[in-house]
Each structure stands twice: as structure tokens, then as C-alpha cells.
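Each chain gets a letter, A, B and so on, in the order its sequence line appears, and its residues count up from 1.
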2 protein chains.
Amino acid sequence: MSNEKALQQYDVKKYRTPDGYTSDIAVFTITSEQKEVFKPAEMELKLMLIQRSALDSEGRPNIEASKWALPGGFVEETESAFESAQRELMEETGVTGIHLKHFGVYDKPGRDPRGWIITNAHYAIVPETKLVHRQANDDADKVELFTVEEVLNLDLAFDHREIIKDAIKAITNDLLQTTVARNFLPDHFTYSELQAVLMTVTDDPAIHLKQSFQRKIKMLPFIEEVPGETTNRTSKKPAKLYRFNDVEVGSSIYTRAY
Amino acid sequence: MSNEKALQQYDVKKYRTPDGYTSDIAVFTITSEQKEVFKPAEMELKLMLIQRSALDSEGRPNIEASKWALPGGFVEETESAFESAQRELMEETGVTGIHLKHFGVYDKPGRDPRGWIITNAHYAIVPETKLVHRQANDDADKVELFTVEEVLNLDLAFDHREIIKDAIKAITNDLLQTTVARNFLPDHFTYSELQAVLMTVTDDPAIHLKQSFQRKIKMLPFIEEVPGETTNRTSKKPAKLYRFNDVEVGSSIYTRAY
DNA sequence: CAAATAGTGTCTGTGAGACACTATCCG
DNA sequence: CGGATAGTGTCTCACAGACACTATTTG
């Protein structure tokens, strides 16, 4: 392979290279507060942020200290940014197999005072139960959940305000345009549970209205009824259970009622 | 601002950093071949690739020589990857104001034999007319257009096969889910011209069937008729002209006929 | 029984899809 | 006039949305 000769002569330091390559994660969860038994839960979409500590892990003053930020860290040479995000999410929540998706790159000159640092932004969907043992680590004073309204009023580190805005846009879009909502739900769920998840990100009356949504769910090709099974967790009358199947979704804005 | 003290102690070389940060561009165009007058054009989606030259601009053996590749180059410290892509596209086509969109990051260890090199992938939509004076440059032997069927049979450099597959997926999706199709069309277009663009990426009968699509176009909120104007460029009978307006599109898979 | 959520019967309007037709212009 | 594309009239079926109702369970 003639690449060998070319490689011998290639000077890896010919170009100015970035000072850092990092991965950040917007960890979303839906808190579902069941006020009473036999009631559908009230759900709220929340984002997990850390408050950067005053001193870093080596005892030196930390950059952007005391500001709120997305969890994240430096990508290692042996991994991709996505793998790095998986690793960090594992370290943070102790859980693997979490829905994780890349949604943007942030590399504007000056975005990080430490130098030319590029970050890959991901969002993760973590069931609330997996966040119970969330904990501050070396770099963080506190770990807290914020609603999407609260979060933009915080004092945020770096360009994380912009990243978070994009993250909210990305998850909203994906919840409505793909079947990622399944990651917020148990395997078998009632119409009102799915509805509650979707209502956290849309005001669409077709989703908010009980009968419309109830009728619609039966006609969706990517959702099927679980035959025979019912649950009482949302009401006194037993409710049918549904599950996502693997039918692909996808059409065009030119062909459907939009 | 207490960042100052932190910055003084921050060692920018603490972490292993990437060996390069690049931007690649999948330049798409639709070639429209009008076989006869008064006929709608037959359109085909094509991708512009360069063939890497044997020697680089400094006369040394080039890496991945003679393979086909996406145009691209190193990002400079003073710009973002997106700006770098804009600059490269300008250098390549001599045109600005082109539709350009980031669709992915490729950073798998080993993807580039020269080292730890991260690339940002973008796709661009360039009207065929703006590609007429396309030309080989220092790094490229040839510049050519390929159909999406042809392109995957070529000997492609680096991981560009994967990037190109993703680019095709991204543009297909965007053409059907957003109004980017406008970038392939004149400001005022006939129903058959829009139809021809969409047919390059979908087999949906609702788009292929004349009367269905003709009726549908009138009801789309983001397209409006240009009052009074007609054209004969696609038929003997004068055809109505339409234009995109700025109504936003967006709904959910749970609420419409999918 | 009242109360609360789940779920259905039915009507109306709208639009998708199919068929057949008309309209306009060129040569 | 024939031929080609643009565009309409009309019917049918399916579904969204609204209203009013029924069903199942708890306390």
C-alpha cells in the first residue's frame, strides 16, 4: 500500500491543532409524580446539571467555578466522542444501555477560555429511577435536576446556555418525530402514560385531548396493543397496555396532514 | 472574574490532544436534463467527489492517493468547522450563500492513518449551474459528479464510504421532512419541478402520481401560488408557478397520517 | 352510590386516491 | 387535428375532532 511512503513523510505537526476535545451530555429525565393512587402521573421533563466546584481534582482553582454546567469530560485518544459520552454517563449514573444521541458540535473560537477546545454535545434519556444515586464527583459541588424553564435562568458555564437550548430543541423534536419516547416509558404502557410523556414537550391539542389520542394510538403502525394485559396503576378501571414494535416511521411533509 | 487565577494555573497540554481537526463537504447537485422543450426535466441527485492526487501540494507522496474523496480541509484556529466548510465551498465553487448543513462527526480512532484526526461532515446543496467551472486544485486530480448508486462502488478514501452513506441519508431525510428542496429550485417553480426534485429521493406514490401531488401542493401551508404568473418551460400549456413561504413545518408522528 | 379514569357510538367535515374528464398550446 | 402536459369534477373511503354516552373499579 503506497500510503506507507506518504506516511513517512507526513508531518503530523504541520497544522495548528486543537487544545482539547471533549464530550458533554445533557442528561434528561422525566420526573413522574403520582399524586394519588389510580391517577395518571404528572410528568415533567428535567435536565441534570452539575455545579462546578471551586477547586479542581488537583486542588487548583477551577475554571468557571460555581457555575452550572453539563457533565462531560475529555475524550481519550482510544475512543470516539460518543464512546467517551457513554463512559461518562456510566460513571455518572452507574448505568449502561441508556439512550444517547449526538446532536451538535461546538467549536466557536473563544468558547472556552482555556484554549481551542471542541466539544461534542449529546443528549441522554435516563429513567428517573436510575438517577436516584446521583452524586457529586471531584469536579462538581452539586448535582441537580432543573425544568427546562428553570435551566435557562441559571448562571451557566462556557457556552452551555446555547448547547442546552439546542439540546431541548433536539429532544423535543425527536420525541415528536421518532419513537424515542419509549425510553421514558416502561415496556408496556397505557395511552395516558405515553400521552403524559408527549405533553411535556408539546401543546398540540390532538395529543392533549383524551379521546383523540386514545383513538389515535390504536392506528399507529409502530405501536401495538399487548393482548390481554391491563393495569390499574393509572385508574380504577383497568387500562389496556401498549408497546412499541419495530415498524419504521417516516414519511414526508409533502404527503401528509402536517 | 475568578477565571483569571484558574487560567494561570491551567496547563493546556495536560491532555493528549487531537492531531488534526478537519471539515468535509458532501456537495450535492441535481442535474436536470431537459430532453426536449416543453417537457419537465429529468432530474438526478448527484454527489461531487475529488480524486486525490498522487503528490500533495508540496510535491510529496499524498496519503490515500488516487482514491475518491469528499472535498475538505483543515480547520483553522480562528474559525469554526462550519465556517471552514463555507470557506472551502467558496474556494471550490466560487459561490457563497449556498445551503450548507452539518450532519455528523467522525472521530473513530484509526479512521485516518495520519493520526488522531477528527472531521466534521457537512452537506451542501449547489445548483448545477454553479458547478460548471468546477476544477481540480492542488490536492485533486479530477473532480466528478456521481449518482448515489455509482458513488458507493468507487474506491473511497479514509472512512468516506460511511460518511457518504450518512450524507445521502441526511439529505434524503431533509428533502422530505423540511423545505430544503427549495435550494434545488428556482424561486418560482411548477408543481412538476418540485415533484421531480422529490422523486430523486423517494418512491412514495403520493409524490409520483401526477394528480395527487398537483392537488396536494395547493394545500401545503408552506407553499403558495404566485398569483398571475405562469411558465411554459415544462409544457405547452402554461403552468402555474409556486413559491415557498416562511410558514414553519413541524408536527408529530403521533398526530398525523404518517 | 359518587367519583374518577378508560373506552365506545356516532356524526360531520376534510382530505387522499382513483377515474374520467377538460384546457391550452405546439406543430 | 393529434399529442403532450396542466388542471378539474366528482365519487369513495378513511380518519380527525367533537359530543355524548357507557364501562369498570374504589371507597
Side-chain angles (χ1 to χ4, degrees), chain A residues 32 34-43 188-196 198-199 202-221 223 225-242 251-258, chain B residues 32 34-43 188-196 198-199 202-242 251-258:
Chain A
S32 77
Q34 193 157 8
K35 310 237 174 183
E36 302 168 45
V37 284
F38 306 123
K39 279 247 178 199
E42 283 179 27
M43 298 192 178
H188 297 180
F189 52 88
T190 69
Y191 91 91
S192 64
E193 288 169 329
L194 173 57
Q195 188 187 27
L198 300 177
M199 286 194 298
T202 184
D203 294 326
D204 189 335
I207 284 175
H208 280 251
L209 288 175
K210 191 186 93 172
Q211 345 82 299
S212 302
F213 193 72
Q214 208 168 28
R215 282 210 150 94
K216 188 74 192 183
I217 198 172
K218 296 187 195 153
M219 320 183 55
L220 297 173
I223 292 182
E225 210 177 307
V226 182
E229 273 188 59
T230 59
T231 183
N232 278 76
R233 64 179 176 254
T234 63
S235 75
K236 294 171 180 170
K237 169 163 179 176
K240 286 183 191 164
L241 285 167
Y242 297 89
S251 185
S252 106
I253 58 171
Y254 298 100
T255 58
R256 53 192 165 186
Y258 21 87
Chain B
S32 78
Q34 191 156 10
K35 309 239 176 184
E36 302 168 47
V37 283
F38 306 123
K39 280 244 180 201
E42 285 180 24
M43 297 192 179
H188 296 179
F189 52 87
T190 68
Y191 89 92
S192 64
E193 289 169 328
L194 173 57
Q195 187 187 28
L198 300 178
M199 286 194 299
T202 184
D203 293 326
D204 189 333
I207 284 175
H208 275 72
L209 288 176
K210 191 186 89 169
Q211 347 80 297
S212 303
F213 193 73
Q214 210 167 26
R215 283 209 151 94
K216 186 77 192 181
I217 197 171
K218 295 186 197 157
M219 321 183 53
L220 296 172
F222 49 88
I223 292 182
E224 62 191 20
E225 213 177 306
V226 183
E229 272 189 61
T230 59
T231 183
N232 280 76
R233 64 177 176 256
T234 62
S235 75
K236 294 171 181 170
K237 168 161 180 176
K240 286 183 191 161
L241 286 167
Y242 298 89
S251 187
S252 105
I253 57 171
Y254 299 99
T255 58
R256 49 191 167 188
Y258 21 84

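- Look at A:Lys236 and you won't find any side-chain N or O under 4.0 angstrom from OP1 or OP2 of D:dA23.
- Between B:Phe213 atom CZ and B:Leu194 atom CG the span is 4.0 Å, to the nearest 0.5 Å.
- Counting only distance, with no hydrogens or angles, the side chain of B:Gln195 and the backbone of B:His208 share a donor-acceptor pair below 3.5 Å.
- Look at B:Thr234 and you'll find a side-chain N or O under 4.0 angstrom from OP1 or OP2 of D:dA6.
- At the phosphate of D:dT26, neither OP1 nor OP2 sits under 4.0 Å from any side-chain N or O atom of A:Lys237.
- Contacts of A:Lys240 with the nucleic acid, taken as non-hydrogen atoms under 4.0 Å apart, involve only primed sugar atoms and P, OP1 or OP2.
- Among the nucleotides D:dG3, D:dG7, D:dG17, the one closest to any side-chain atom of A:Ala206 is D:dG17.
- We find the CD1-CZ distance between A:Ile217 and A:Phe189 to be 5.5 Å, quoted to the nearest 0.5 Å.
- Between atom OH of residue B:Tyr191 and atom OG1 of residue B:Thr234 there is a gap of 7.5 Å, rounded to the nearest 0.5 Å.
- Judged purely by atom type and a 3.5 angstrom limit, B:Glu193 uses its side chain to pair as donor or acceptor with the backbone of B:Thr190.
- What separates CG of A:Asn232 from P of C:dA4 is a distance of 17 Å, to the nearest Å.
- Distance from the side chain of A:Gln211 is smallest to D:dA20 among D:dA20, C:dT10, D:dG7.
- Using a 4.0 Å cut-off, no side-chain N or O of A:Gln214 falls inside it from OP1 or OP2 of C:dA6.
- OP1 or OP2 of D:dA6 has at least one side-chain nitrogen or oxygen of B:Ser192 nearer than 4.0 Å.
- With rounding to whole Å, B:Glu225 atom CD is found 13 Å from D:dT8 atom C1'.
- Look at A:Tyr191 and you'll find a side-chain N or O under 4.0 angstrom from OP1 or OP2 of C:dA6.
- The side chain of A:Arg215 sits closest to C:dT10 out of C:dT10, C:dC25, D:dT8.
- For A:Ser235, counting side-chain heavy atoms from C-beta on, the closest listed nucleotide (C:dA6, D:dA6, C:dG15) is C:dA6.
- With hydrogens and angles left out, the side chain of A:Lys210 and the base of C:dA6 share a donor-acceptor pair within 3.5 Å.
- Minimum atom distance to the side chain of B:Pro238 is reached by C:dT24, of the listed C:dA3, D:dG17, C:dT24.
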